[in-house]
Chemist: 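Pasting a structure below so you can have a look.
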Amino acid sequence: MKLSFDFFRGLIIGALTVGLITAALSLAHMRTQILSIGNGSATGPVWYVTGVERELQEFEFALAYYELDPTTANNVTLRFDILWSMVASISQGDVAAKLEDFNVDYALLEQMPELLKKHDAAIMDIGALTREERMDILLEFRALNDEVHQVGMKALQASSAETLTWRETLLSVSNNNAVVGIILIVIVTILILMFQFDRVAARRQLREKDALLVAAEAASVAKSQFISVINHELRTPLTSIKGAISLMSAGALGEVPKTFERPINIAERNCRQLSSLISDLLDAEKFSSGAMEYKFEPINLPQFLTEQIETHASFADSYGVTLSIQSPVPELIVNGDAHRLGQVMSNLLSNAVKFSKSGDHVTVSLEEQNGRAVVSVTDTGRGIPEAARDKVFERFQQVDSSNERERGGTGLGLSIVKAIVEAHGGHVDFDSVVGEGTTFKFDLSLVK
Ligand code: ADP
């Protein structure tokens, strides 16, 4: 939906661009047309040719009038000169070229200067001519009238035709512009609608986000309340139950009948599991909220790991598993939080024990590699399939959850291990072969 919407928007913007380019070209074309009308290139020749016709008649009239009033000799020579200058201007500039363009035969106009030259001297001294001589000249010029008129008419027709073509062109260009304008208005309207639609959608998303935020805040408050309930209402009574059971199993409350031993052991083990589940949940919450605090201090790893093995020996024993340590040196100091690193070892050791068979052995080894201490916990248990590599470090993830629940796991342990090791600037990983065993390794930088 989003893709086709974007495609449609692209199409509209493309159309808008094409429309604008077309409008610009069309306007440029119109401008050229208007400019060519403005400089008179179409009407100019008509003006000159009709000018020659008019001046020819003016000259003929002046010559005829001279017979009535011989004092008007000057007027005759003046009209003769004006006619000549008009004729001369025909062959100048682009008038002749335009007449050729119009396909108008103007040979006659080109011959006129010859005629004018021929009678120039006589007209300048008109009083010296006889009446017959003047009439001959008049008749000679009058014979041109019709032809000059024809040339003028043809130029006028061609000019009108050209003007008509311009009009039509201008009309079609302005029609095109009107159509392009309407199309542009439609496109712009669609674009505005689309942007409006976007705005509405963005506002709706914002409202939804706000609602989600409110829900998330409410969930966070509920989670905090839940954590607090776990902490106070569950942990406190559990501690006293654990204490009471311990007292019973230690015989502090009197001798325990043989038949009570097994249920008391089961209750003790379940209390331990419940207590570790509560600790894991509280820790996981602290990690995700970034509230976990560390107290770093120098730790002698061989000694620390030996203590961890001693602490977990009885747990391992309850699974029929033995623990041991391999350390090449008696002293290897790292900077760490002993309590949190204890949690790391506790998770790795209890996993190694839980997923081993009775009679198996779990080894903790310590090595120094490139200025770092590398701690490994190796078991010969069932192993982890390669496909579960990323999954096991995620929260609440187990390779086989139906089976694992029975062993008392929550799927939180390795995520806590990862978070603590990374907070120490280290890295945790494992090698495993299904059916043969697993080695978890993590490294810590040594104190120099
Ligand atoms: P859990 O509380 O279930 O042990 P973890 O996060 O500690 O949760 O471990 C996640 C899962 O990784 C376990 O449920 C188990 O499937 C697998 N796993 C962890 N350690 C081992 C191991 N040493 N051998 C085999 N499987 C293991």
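Nothing fancy with the numbering, it's 1 onward along the sequence. Counting starts at 1 for both ligands and their atoms, in listed order.
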Chemist: Any nitrogen or oxygen of Arg382 lying under 3.5 Å from a nitrogen or oxygen in ligand 1? Just yes or no.
Modeler: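 Indeed, backbone or side chain, Arg382 has an N or O that close.
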
Chemist: So do Asp283 and Arg340 actually touch side chain to side chain, heavy atoms under 4.5 Å?
Modeler: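 Result yes, sub-4.5 Å side-chain heavy-atom pair found.
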
Chemist: Taking Arg207 first and then Asp210, would you say they form a salt bridge - that is, a charged N and a carboxylate O separated by under 4.0 Å?
Modeler: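 Not counted as a salt bridge, because no side-chain N and carboxylate O are separated by less than 4.0 Å.
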
Chemist: Nearest 0.5 Å, please: how far is OG1 in Thr378 from CG in Asp431?
Modeler: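 It is 9.0 Å, given to the nearest 0.5 Å.
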
Chemist: Output the list of atoms in ligand 1 that are nearer than 4.0 Å to some heavy atom of Gly413, sorted by atom number.
Modeler: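 Listed by number with element: 5 (P), 6 (O), 7 (O), 8 (O).
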
Chemist: Below the 3.5 angstrom mark, is there an N/O of Ile384, backbone or side chain, next to an N/O of ligand 1?
Modeler: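 No: no nitrogen or oxygen of Ile384 is under 3.5 Å from one in ligand 1.
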
Chemist: Between Thr438 and ligand 1, which part of the residue brings a heavy atom under 4.0 Å of the ligand: side chain, backbone, both or neither?
Modeler: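 The answer is the side chain of Thr438.
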
Chemist: Relative to atom 13 (C) of ligand 1, which among Phe440, Phe430, Phe355 owns the nearest non-hydrogen atom?
Modeler: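 Considering heavy atoms of Phe440, Phe430, Phe355, the nearest to atom 13 (C) of ligand 1 sits in Phe355.
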
Chemist: Which one holds for Phe393 and ligand 1: side chain close, backbone close, both close, or neither close, with close meaning a heavy atom under 4.0 Å?
Modeler: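 It is neither; nothing of Phe393 touches ligand 1.
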
Chemist: Report the member of Asp379, Asn351, Val392, Ile416 with the shortest heavy-atom distance to atom 7 (O) of ligand 1.
Modeler: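 Looking at heavy atoms only, Asn351 sits closest to atom 7 (O) of ligand 1.
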
Chemist: Would you mind checking if Glu261 and Lys258 are paired as a salt bridge, meaning a charged N to carboxylate O distance below 4.0 Å?
Modeler: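 Yes, this pair counts.
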
Chemist: Less than 4.0 angstrom from a charged side-chain N to a carboxylate O is my criterion; do Glu368 and Arg372 meet it?
Modeler: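 No, Glu368 and Arg372 are not salt-bridged.
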
Chemist: I'd like to know if Lys391 contacts ligand 1, where contact means a heavy-atom distance under 4.0 Å to any ligand atom.
Modeler: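 No, that is not the case, since the closest heavy atom of the residue is not under 4.0 Å from the ligand.
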
Chemist: For atom 8 (O) of ligand 1, which of Ala388, Gly383, Ser276, Gly411 has the closest heavy atom?
Modeler: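 Looking at heavy atoms only, Gly411 sits closest to atom 8 (O) of ligand 1.
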
Chemist: Does CZ belonging to Phe226 count more than 12 external heavy atoms closer than 6.0 Å?
Modeler: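 At most 12 heavy atoms, drawn from other residues, nucleotides or ligands, come within 6.0 Å of this atom.
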
Chemist: Hey, does Leu191 have a side-chain heavy atom less than 4.5 Å from the side chain of Leu16?
Modeler: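 Contact flag for Leu16/Leu191 side chains = yes.
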
